[in-house]
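Computed over heavy atoms, backbone and side chain alike; hydrogens, waters and symmetry mates excluded. Note on naming: letters A, B, ... go to the chains in the order of the sequence lines (proteins, then strands), and numbering restarts at 1 for each one.
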Protein chains: 2
Amino acid sequence: MPVNIYDVAKKAGVSVVTVSRVLNNSPKVRANNRQKVLTAIADLDYQPNAVAQSLARGSTGMVGLILPTVFDPFMAQVLASVEGALRDKGMFLVTSFAADDLQFGKANSVRLFRENRVDGILILSPLKNDALFLELKKNNFPFVLLDQHHSHIQASSVTVDNYYGGYQATNSLITAGAKRIGHIFGSGVYESTAERLNGYKQALLDHNIAVDEALLAPGDFTIYSGYKITKEWIIRGILPQAIFAADDNTAFGVIDAARKFRIAVPEKLAIIGYDDHPFASLLHPALSTVRQPTEELGRQGVELLSSLISGKIKRTTTIILKPEIVLRESTLSINNC
Amino acid sequence: MPVNIYDVAKKAGVSVVTVSRVLNNSPKVRANNRQKVLTAIADLDYQPNAVAQSLARGSTGMVGLILPTVFDPFMAQVLASVEGALRDKGMFLVTSFAADDLQFGKANSVRLFRENRVDGILILSPLKNDALFLELKKNNFPFVLLDQHHSHIQASSVTVDNYYGGYQATNSLITAGAKRIGHIFGSGVYESTAERLNGYKQALLDHNIAVDEALLAPGDFTIYSGYKITKEWIIRGILPQAIFAADDNTAFGVIDAARKFRIAVPEKLAIIGYDDHPFASLLHPALSTVRQPTEELGRQGVELLSSLISGKIKRTTTIILKPEIVLRESTLSINNC
DNA sequence: CTGAAAGCGCTTACAG
DNA sequence: CTGAAAGCGCTTACAG
């Protein structure tokens with residue numbers, strides 16, 4: 001039923017080879033013939049079959065993105081960025097939400113490359129998955145890690161400097177006038193958690209502020225954890241003047257708790273989050289935060305992967321991006337008495 | 001380099017036809033031969049090439065999802081649900097964020113099916129795109145509309161009853177004791193806006209409450225629009241006792257404004273939103289809302305599309321799902337004086 | 001139950 | 001500049 005390359009060739013009065021050449025913009029086609037082919041294509045409303053092209057060429061023009069979830073604004077932003085970058089290249093995106101089931105051999109994400117459905121894979125995950133990485137390496141399949149670097153296994157990656165982000169966030173609190181600064185950090189399994197924490201500590205030390213273990217508490221990137229810990233600090237009477245929250249969700253919880261106990265933000269409690277959640281600038285008080293370069297993360301990831309696929313780059317490449325501080329109402333200035 | 005079906009056949013001492021049969025679980029293979037093939041597959045770590053299978057079979061095992069954005073929790077939930085449903089079927093998802101550029105012939109989303117990259121397409125969009133629908137129809141390509149129905153063009157769809165949602169939301173406000181109930185509706189371009197509005201009006205009428213045009217205001221599904229309109233109502237001294245917001249974003253804006261003007265929620269102002277945003281249950285006061293059956297929307301969409309692809313269903317099918325009221329703090333009970 | 005042959009719709013040397 | 005032939009890696013009647 002659908003028209004194929006032979007129909008076009010017949011209609012144009014040339015061979016399929018010539019049609020193929022026109023399709024692929026080969027320069028060595030006589031102008032006259034090119035025109036005949038173009039006309040036939042238009043008349044027949046012909047569109048080449050990508051599956052056949054993929055088989056013949058040995059590449060599909062599709063890229064896989066493996067990510068744990070899309071309910072996190074950071075993940076969603078990178079996803080959108082990756083899709084946009086691929087679209088600009090005329091490529092397609094196959095998404096696989098599969099943080100967990102990677103261990104199974106026939107996992108969706110493993111099939112993705114083992115069955116040659118895509119030309120390369122982007123892995124956006126704060127968690128390491130050695131089984132997947134090894135499988136990729138064993139098959140010599142092009143892949144790039146996003147927001148994660150890996151020391152054990154040679155792998156190209158694009159990451160964001162979490163130490164820098166943690167340092168700058170804390171620094172902005174110090175600049176606002178705070179001396180006692182708490183930090184609610186994220187889940188321990190993520191590397192970013194330790195890196196942001198280290199940045200926090202170093203910023204304090206650089207300003208001769210001793211690290212107070214009582215003002216360090218483990219959150220889990222949820223509103224509730226921010227709420228609970230802040231409430232606890234308030235009740236125990238050790239609420240600091242400022243809090244650096246592991247992410248904006250946590251920060252929203254901190255604000256929620258402060259409001260409940262009628263503690264003025266930022267006058268009595270300054271807060272800075274991380275990620276620049278869509279709500280950060282929209283709710284009151286507007287939340288200061290650390291914006292991650294998600295657009296660039298996605299774009300650079302696609303560029304790097306493309307180079308790996310085309311073979312332009314052979315060796316492992318690492319790109320480190322810097323996050324950006326965004327100051328809003330929640331860190332305006334501390335009332336220091 | 002990668003091992004193919006001929007390598008397996010040779011190793012197993014059978015023909016590729018037999019290998020293919022084992023791969024496709026054909027019953028007519030002698031147990032002995034099946035075992036030899038299985039062993040060879042395991043030894044060689046063979047995985048069939050999906051591209052070649054697609055070409056030979058005429059189907060790819062991939063489905064496309066076209067959606068405008070992933071930054072909306074409703075969209076994100078449906079996306080996740082679709083991916084899960086496809087995964088369960090062993091199929092893959094190609095995502096295309098393309099609400100706008102559908103008009104162009106070589107748009108990413110059009111190439112998706114014109115180039116036979118997917119077996120069917122799911123369109124999740126509150127906006128009509130006749131050009132795309134017609135193109136799909138013309139090519140006789142299987143597709144299902146999600147959260148949208150179309151009267152002009154015959155198309156299968158899975159939708160959610162917005163009239164019912166609007167009616168129930170308003171009804172819950174009446175039940176809570178409110179008489180003067182405002183409604184901040186969504187963007188006019190969406191059909192859901194008019195449907196929810198109609199549900200709102202009918203609920204009022206059914207309780208002998210006249211519709212007050214002054215308490216109807218156009219929002220645009222943003223926090224800001226909810227904030228601005230509520231503020232205006234407060235300043236003009238016409239703030240109603242309760243507000244049905246077009247979605248949770250709008251509702252968050254309403255709460256934000258109420259807080260700013262120190263109007264107690266829900267005592268002085270009851271609020272119900274729509275969508276059950278992840279934050280709805282986490283911030284204080286917890287927001288009452290209308291939860292859409294996103295999981296089922298995605299699952300049913302995939303099922304319907306599968307039936308269309310396999311040819312089990314030929315004619316246009318419409319499935320209408322009901323949303324569910326979720327009552328929380330923001331509508332607890334009105335202080336009616 | 002098994003396999004030789006043809007076919008899916010393209011692209012790519014190769015020869016002219 | 002052009003096309004006949006082979007090949008990409010599978011599946012599917014068809015004959016045995």
Side-chain angles (χ1 to χ4, degrees), chain A residues 1-38 40-41 44-62 90 111 113-119 139 310, chain B residues 1-38 40-41 44-62 90 111 113-119 139 310:
Chain A
M1 179 73 197
V3 12
N4 64 26
I5 198 171
Y6 286 94
D7 301 321
V8 176
K10 188 187 297 175
K11 176 119 185 171
V14 297
S15 78
V16 297
V17 179
T18 299
V19 176
S20 176
R21 289 202 176 99
V22 172
L23 251 24
N24 294 290
N25 295 313
S26 165
K28 33 185 175 179
V29 175
R30 201 182 300 159
N32 179 33
N33 280 335
R34 180 183 303 279
Q35 198 43 249
K36 287 196 290 186
V37 169
L38 256 16
I41 288 177
L44 265 26
D45 196 20
Y46 168 73
Q47 192 97 12
N49 181 317
V51 175
Q53 288 183 317
S54 299
L55 184 58
R57 291 174 178 162
S59 75
T60 63
M62 306 188 116
R111 286 183 50 206
F113 63 89
R114 293 268 344 236
E115 295 178 359
N116 279 290
R117 291 181 178 276
V118 295
D119 297 335
N139 287 271
S310 68
Chain B
M1 178 73 197
V3 12
N4 64 24
I5 199 171
Y6 285 93
D7 301 322
V8 176
K10 187 187 297 176
K11 176 121 185 172
V14 298
S15 77
V16 296
V17 179
T18 298
V19 176
S20 176
R21 289 204 177 97
V22 172
L23 251 24
N24 294 289
N25 295 312
S26 165
K28 33 186 175 179
V29 175
R30 200 183 301 160
N32 179 33
N33 279 337
R34 180 183 304 279
Q35 198 44 249
K36 285 197 292 187
V37 170
L38 256 17
I41 287 177
L44 264 27
D45 196 20
Y46 168 73
Q47 192 97 10
N49 181 317
V51 174
Q53 286 183 319
S54 299
L55 184 58
R57 290 174 179 163
S59 76
T60 62
M62 305 190 117
R111 287 182 50 206
F113 63 89
R114 292 273 339 240
E115 295 177 1
N116 280 290
R117 290 181 178 277
V118 294
D119 297 337
N139 288 272
S310 68

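- V29(B) comes within 4.0 angstrom of the backbone, heavy atoms only, and of no base.
- Within the 4.0 angstrom heavy-atom criterion, no nucleotide atom of any strand lies near N116(B).
- Between the C1' atom of dG9(C) and the CZ atom of R114(B) lies a distance of 15 Å, rounded to the nearest Å.
- Regarding contacts with the backbone of dC8(D), every side-chain N or O of N4(B) stays at 4.0 angstrom or more from both OP1 and OP2.
- Pairing for dG16(C) is with dC1(D), a Watson-Crick or G-U wobble pair whose two hydrogen-bonding atom distances lie under 3.5 Å.
- Remark on DNA chain D: of its neighbouring residues P27(A) and R57(A), the 5'-side contact belongs to P27(A), judged by nearest-heavy-atom nucleotide.
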- [ ] Dump the intermediate steps for side chain to side chain contact (heavy atoms under 4.5 Å, CB included) on Q47(A) and R111(B), then the final yes or no.
- [x] CA-CA 9 Å; Q47(A) 192 97 12; R111(B) 287 182 50 206; 4.3 Å; yes
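- Atom pair Q53(A):CD and dG9(D):C1' shows a separation of 17 Å (rounding to whole Å applied).
- Here Y46(A) does not reach the OP1 or OP2 of dG9(C): none of its side-chain N or O atoms lies under 4.0 Å away.
- Residue order along DNA chain D, read from the 5' end via each residue's closest nucleotide, puts V16(A) first among V16(A) and L55(B).
- Atom-to-atom, OH of Y6(A) to P of dA6(C) comes out at 15 Å; the value is rounded to the nearest Å.
- To the nearest 0.5 angstrom, R114(B) atom CZ is 4.0 Å from D45(A) atom CG.
- Counting heavy atoms from C-beta outward, R117(B) and M62(A) have side chains that approach closer than 4.5 Å.
- Distance N49(A) CG to dC10(C) C1': 8 Å, rounded to the nearest Å.
- To the nearest 0.5 angstrom, L23(A) atom CG is 9.5 Å from L38(A) atom CG.
- OP1 or OP2 of dG3(C) has at least one side-chain nitrogen or oxygen of T18(B) nearer than 4.0 Å.
- Spacing between atom CG of L23(B) and atom C1' of dT11(D) amounts to 11 Å, rounded to whole angstrom units.
- S20(A) has no side-chain polar atom (N or O) that falls below the 4.0 Å cut-off from OP1 or OP2 of dC10(C).
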